[in-house]
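One structure below.
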Amino acid sequence: MNCAMFRLYSRQWNATPPADMFRLFFGAQTPFLLLFLFIFPFISFAQGGGKIDILHANNLHAEHKNGEDIQRLNGAVVFRQNDVTMHCDSAILYSARNMVNAFGHIDINQNDTLHIFGELLDYDGNTKYAVMRQHVKMTDRDMTLLTERLDYDFAAKKALYTTGGNITDAQNNLTSEIGYYFSQNRDMFFKRNVVLINPKFVMKCDTLQYNIISHKSFFHGPTTITSDKDFIYCENGWYNTVTNKAKFGKNAYMKSDNELLYGDSLFYDRKTSFGRALYHVKIIDTAEKLVIEGQYAEHYGDIRKTFITNQAFVTKGLKEDSMYMSSDSIWAMYDSTGKYRIIKGYYHAKVYNKSFQAMADSMVYSAVDSTLDMRTKPVMWFDTYQATGKRILIHTKNNKITKADIYLDAFLANEEDSVRFSQIKGRNMTGYFANNELYRIDVDGNSESMYYVRDEKKAFIGMNKIASSDIIIYVKHRKISKINFIKDPDANMIPMKDVNPYEARLPGFIWHGTVRPKTKEDIMQPPALNMTIKKSSEEFGE
């Protein structure tokens with residue numbers, strides 16, 4: 001009997017004698033107890049969880065089973081308890097226990113915003129706790145959850161699944177083995193084999209917290225984020241799927257093309273391809289065999305440019321022949337073709353290689369031709385030699401020096417012993433190397449040389465002082481073996497007894513041996529005492 005019929009007959013209650021009413025409903029022989037059992041559930045029942053009303057059922061059968069009264073309802077069954085409405089094909093109502101078992105095409109609706117669909121339902125009206133099974137679907141505004149079993153606490157507005165679930169909204173598709181959903185604040189927690197698929201990336205992690213309103217996810221445990229542009233790994237952090245801003249921490253790194261970026265904390269804006277790394281920063285270029293380290297970095301992905309500071313340090317090549325570079329700050333970028341790496345170091349730039357060392361105010365390393373350009377008070381050392389000038393351009397191959405161009409006020413000094421120095425100066429100078437050893441020096445313009453001469457037993461016998469417009473000097477076993485004077489030479493041999501080693505200096509001579517790096521550790525910059533991060537992590541929405 002449906003509710004509309006019940007209301008129709010109830011309006012006739014006062015006009016119809018009780019005996020006639022009984023006959024109207026159930027026939028002349030129907031006892032009063034049976035009438036009570038049928039009418040009572042259509043009125044209501046109340047327990048601790050609140051009143052549950054039966055709003056509709058095509059058929060109802062009441063019976064006494066296992067010591068309790070139950071009602072069986074069939075056909076378009078509708079219940080209501082407070083703000084929750086339940087539809088199903090059939091149901092069993094346990095009045096005393098205030099529980100319902102529902103079957104077939106179940107739809108639970110709360111405030112017309114949350115719907116739970118399924119085939120089997122156990123509902124406790126006292127606690128307002130529902131267990132839905134078989135082809136379960138839950139919708140909450142723009143969010144949809146699919147699973148095989150869902151526990152939902154209508155009082156706390158909390159859902160739980162442990163049999164695996166799939167959640168979708170306007171932008172994302174998420175799967176996990178275990179999931180919690182809090183409808184009130186629209187927070188989600190997921191555990192085990194969590195996979196979040198977004199049109200722009202795929203995230204995999206062990207534990208994920210996600211908020212549908214803010215579109216912000218927090219992840220814990222080993223996490224990977226894969227996209228067309230890059231690959232990210234971390235073990236904690238957060239990601240906003242709307243702003244595409246993120247923070248990654250604990251063993252975090254980002255891989256793009258042949259480049260890896262590490263840091264204690266990585267911040268990344270996918271929209272602008274801008275990233276920031278803090279503390280123990282490391283950039284590895286596998287193609288160039290290049291490692292850049294520091295304590296702070298900014299990465300501009302669109303232009304493939306990275307800024308590193310605070311203990312900025314570069315390692316180029318393999319361990320046995322590596323070239324090390326450092327400066328207050330370093331810019332790493334690519335040339336106009338996008339194929340070759342360019343490294344620019346500013347302020348207190350230093351270079352260490354087992355065959356040569358250098359320092360200047362700034363430097364530029366270009367992988368195009370493997371050159372190292374040292375500018376502003378540059379100094380270069382190789383073997384027992386020191387070179388200075390306004391600019392020094394060092395040519396290398398496989399991190400071995402092949403040529404050095406010294407521009408403007410070029411000066412080359414060779415340490416003969418602790419007080420004696422052979423010297424060559426000129427406007428410009430070029431040194432040529434084979435197997436890391438100097439074998440020829442071309443001096444261009446205003447050439448002067450002052451070098452010690454030794455006998456067969458390597459004893460000093462005098463000093464040769466020569467001036468010419470241009471000079472070509474050949475070196476063998478670190479000693480001058482031959483000199484070609486290009487024009488107007490003026491040579492003078494000074495006996496050793498007349499040579500004062502402290503006065504035998506060409507104008508501009510300064511020996512910088514005390515600051516020459518002896519190891520790669522000597523060129524490492526000290527840490528900044530109060531490193532100031534110009535842009536705080538607040539801009540990333542942390």
Side-chain angles (χ1 to χ4, degrees), residues 288-291 313-327 330 341 343-345 348-416 421-426 428-443 473-480 509-525:
E288 290 286 343
K289 298 178 181 177
L290 187 77
V291 179
F313 193 81
V314 179
T315 303
K316 174 70 174 68
L318 302 175
K319 289 185 178 180
E320 58 268 20
D321 61 355
S322 292
M323 180 169 63
Y324 304 95
M325 296 171 275
S326 72
S327 61
I330 286 174
R341 176 78 74 172
I343 303 292
K344 296 183 178 181
H348 305 104
K350 297 177 182 179
V351 179
Y352 176 82
N353 177 272
K354 66 180 182 180
S355 61
F356 72 93
Q357 301 81 44
M359 62 189 301
D361 192 57
S362 64
M363 66 179 176
V364 177
Y365 172 80
S366 173
V368 177
D369 51 8
S370 298
T371 57
L372 185 62
D373 194 347
M374 310 295 293
R375 302 199 181 200
T376 310
K377 298 181 179 179
V379 183
M380 175 186 175
W381 298 272
F382 52 93
D383 290 333
T384 55
Y385 293 91
Q386 172 189 285
T388 58
K390 299 294 185 184
R391 175 192 175 195
I392 299 178
L393 185 62
I394 304 170
H395 302 258
T396 67
K397 185 176 181 180
N398 297 325
N399 291 337
K400 294 181 179 180
I401 186 170
T402 60
K403 187 172 73 166
D405 294 315
I406 308 167
Y407 299 101
L408 302 177
D409 297 333
F411 203 114
L412 183 67
N414 180 31
E415 187 178 28
E416 301 287 351
F421 299 90
S422 293
Q423 304 149 59
I424 303 169
K425 68 173 295 187
N428 300 312
M429 191 181 302
T430 300
Y432 298 90
F433 298 78
N435 296 321
N436 284 326
E437 288 194 5
L438 180 67
Y439 70 88
R440 173 175 165 172
I441 306 167
D442 291 354
V443 186
I473 302 173
Y474 296 92
V475 180
K476 189 174 183 180
H477 303 308
R478 304 178 185 175
K479 305 301 176 185
I480 295 175
F509 171 83
I510 301 176
W511 187 250
H512 300 281
T514 56
V515 296
R516 181 179 183 176
K518 302 297 191 302
T519 65
K520 68 176 183 178
E521 287 74 21
D522 289 344
I523 71 168
M524 291 181 176
Q525 303 286 339

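No experiment lies behind these values; they were computed from the predicted model shown.
The shortest distance between side-chain heavy atoms of Met323 and Asn353 falls below 4.5 Å. You'll find the side chain of Leu290 reaches within 4.5 Å of the side chain of Val314, heavy atoms only. Within the 4.5 Å cutoff, the side chain of Tyr352 has no heavy atoms near those of the Asp522 side chain. When side chains are defined from C-beta on, Glu288 counts as touching Lys316, because their heavy atoms get closer than 4.5 Å. A heavy-atom distance below 4.5 Å is not found between the side chains of Thr388 and Ile510.
In terms of heavy atoms, Ile330 sits closest to Phe313 at CD1-N, 4.1 Å. The shortest heavy-atom contact between Met374 and Ala358 is CE-CB, 4.0 Å. Ala387 and Ile392 get closest at one heavy-atom pair: O-CD1, 3.6 Å. Considering every non-hydrogen atom in both Pro378 and Ala360, the closest pair reads CA-CB, 3.7 Å. A pairwise comparison of heavy atoms in Ser422 and Glu416 identifies OG-OE2, 2.7 Å as the closest pair. For Tyr439 against Ala434, the heavy-atom pair with the smallest separation is CD2-N, 3.6 Å.
Counting only N and O atoms by type, the side chains of Thr384 and Glu415 include no donor and acceptor under 3.5 Å apart. A donor atom on one side chain and an acceptor atom on the other are found under 3.5 Å apart for Asn436 and Ser355.
Residues satisfying the side-chain contact (heavy atoms from CB on, under 4.5 Å) criterion with Gln525, sequence neighbours excluded, are Ser326, Asp328, His348. Residues meeting the ring-ring contact (aromatic ring centres under 6.0 Å, His included) test with Tyr432, sequence neighbours left out: none. Residues satisfying the side chain to side chain donor-acceptor pair (under 3.5 Å) test with Asn428, not counting sequence neighbours, are none. In this view, Thr315 satisfies the side chain to side chain donor-acceptor pair (under 3.5 Å) rule with no residue, not counting sequence neighbours.
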Sequence neighbours left out, cut at 3.5 Å: what donor-acceptor pairs do the side chains of residues 362-370 make with other protein atoms?
| from | atom 1 | to | atom 2 | distance (Å) |
| --- | --- | --- | --- | --- |
| Ser366 | OG | Val368 | N | 3.2 |
| Asp369 | OD1 | Thr371 | N | 3.4 |
| Asp369 | OD1 | Thr371 | OG1 | 2.7 |

With a 3.5 Å cut-off and sequence neighbours excluded, list the donor-acceptor pairs that the side chains of residues 401-409 form with protein atoms.
| from | atom 1 | to | atom 2 | distance (Å) |
| --- | --- | --- | --- | --- |
| Thr402 | OG1 | His395 | O | 3.2 |
| Asp405 | OD1 | Thr430 | OG1 | 2.9 |
| Asp405 | OD2 | His395 | NE2 | 2.8 |

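Of the inter-residue distances, the one linking Phe421 atom CZ with Trp511 atom CH2 reads 5.5 Å to the nearest 0.5 angstrom. Considering CD of Gln423 and CD of Gln386, their distance stands at 10.0 Å, rounded to 0.5 Å. To the nearest 0.5 Å, the span separating CD1 on Ile424 from CD1 on Ile473 amounts to 3.0 Å. Rounding to the nearest 0.5 angstrom, the gap separating the NZ atom in Lys390 from the NZ atom in Lys377 is 9.0 Å.
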Apply side-chain contact (heavy atoms from CB on, under 4.5 Å) to Lys425 and Phe509, showing your working. CA-CA 9 Å; Lys425 68 173 295 187; Phe509 171 83; over 6 Å; no
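Looking at Glu437, its side chain never comes within 3.5 Å of a backbone N or O of Val475 through a donor-acceptor pair.
Ring pair Phe382/Phe433 is perpendicular by interplanar angle, where above 60° counts as perpendicular and below 30° as parallel.
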